[in-house]
Amino acid sequence: MSTLPDPAERGVLEIDPAVLRKIVEYAADTAPATRHRARRVAGLDVGESGPTARVTRRPGPARGTVGVTSGDTTGDAGEVDVRLRLTLAHPGSVRAAVAEVRERIDADLRRTTGHRLRGLTVEVEALRSGDAGPRPASPRVQ
């Protein structure tokens, strides 16, 4: 039975920016204060859309080196800058919602990839009422 060399001696794990983007979008989408927005093409509803992100990776000294024993990061995997567009629940504190989204994104990135969130730019493109469902149709005059 052969033993494996130390993780640092075996190579590095490169994580594609598209994967980092998906992690960021999922973390933002699962925050309680975020909402989906209606997507329209030529005035027709074509579904809903959640948060969208653009991720720029800043490589660190030991980018993507992941430990074998516990899955913890053994080196700094690098930093990412994120530009995020989302819709938030209304009424509610925008600052508190963005702070929670930031914490979720940073925690998910650190846990799954070892990357740190260096900067976050958030564009709140809409506020949507807490009841995300459509209003029931009712006649105006009875």
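When reading the values below, keep in mind they use all heavy atoms of this one structure, side chains included, and skip hydrogens, waters and symmetry mates. Along the sequence shown, residues are numbered consecutively beginning with 1.
The residues D106 and R110 are annotated as salt-bridged, a charged nitrogen and a carboxylate oxygen being separated by less than 4.0 angstrom. Electrostatic pairing of E48 and R37 does not count as a salt bridge here, judged by no charged N lying under 4.0 Å from a carboxylate O.
In terms of heavy atoms, P32 sits closest to E100 at CD-OE2, 3.1 Å. Across all non-hydrogen atoms, the minimal contact from D81 to G119 is OD1-N, 3.3 Å.
Residues R21 and R54 form no side-chain contact, since every pair of their non-hydrogen atoms from C-beta on lies 4.5 Å or further apart. A heavy-atom distance below 4.5 Å is found between the side chains of D29 and H36. The side-chain heavy atoms of R102 and L117, taken from C-beta on, include a pair separated by under 4.5 Å. In this structure, the side chains of V24 and L109 come closer than 4.5 Å at one or more pairs of heavy atoms. Between V101 and L84 there is a side-chain heavy-atom pair separated by less than 4.5 Å. Side-chain contact check for R57 versus P17: some heavy-atom pair is nearer than 4.5 Å. Under the 4.5 Å side-chain criterion, counting only non-hydrogen atoms from C-beta, E125 is not in contact with P51.
For the atom pair L20 CG and I105 CD1, the distance stands at 12.0 Å (nearest 0.5 Å). From T113, atom OG1 reaches atom CG of D108 across 9.5 Å, with rounding to the nearest 0.5 Å. The line from OG1 of T52 to CZ of R83 is 10.5 Å long, rounded to the nearest 0.5 Å.
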How far apart are the C-alpha atoms of R128 and L88, what are their side-chain angles, what is the distance that settles it, and do they pass the side-chain contact (heavy atoms from CB on, under 4.5 Å) test? CA-CA 6 Å; R128 190 167 179 185; L88 293 177; over 6 Å; no
Hey, mind stepping through H115 and E79 against side-chain contact (heavy atoms from CB on, under 4.5 Å) and telling me if it holds? CA-CA 5 Å; H115 286 74; E79 297 177 324; over 6 Å; no
One pair to check against side-chain contact (heavy atoms from CB on, under 4.5 Å): V124 and T87. What are the steps and the verdict? CA-CA 6 Å; V124 178; T87 299; over 6 Å; no
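Counting only distance, with no hydrogens or angles, the side chain of T34 and the backbone of A28 share a donor-acceptor pair below 3.5 Å. Side chain of E25 to main chain of A53: a donor-acceptor pair is present (N/O by atom type, distance under 3.5 Å, no hydrogens or angles).
Clustering ILVMFWY residues whenever any of their side-chain heavy atoms sit less than 4.5 angstrom apart, transitively, puts V19 in a cluster other than the one holding Y26.
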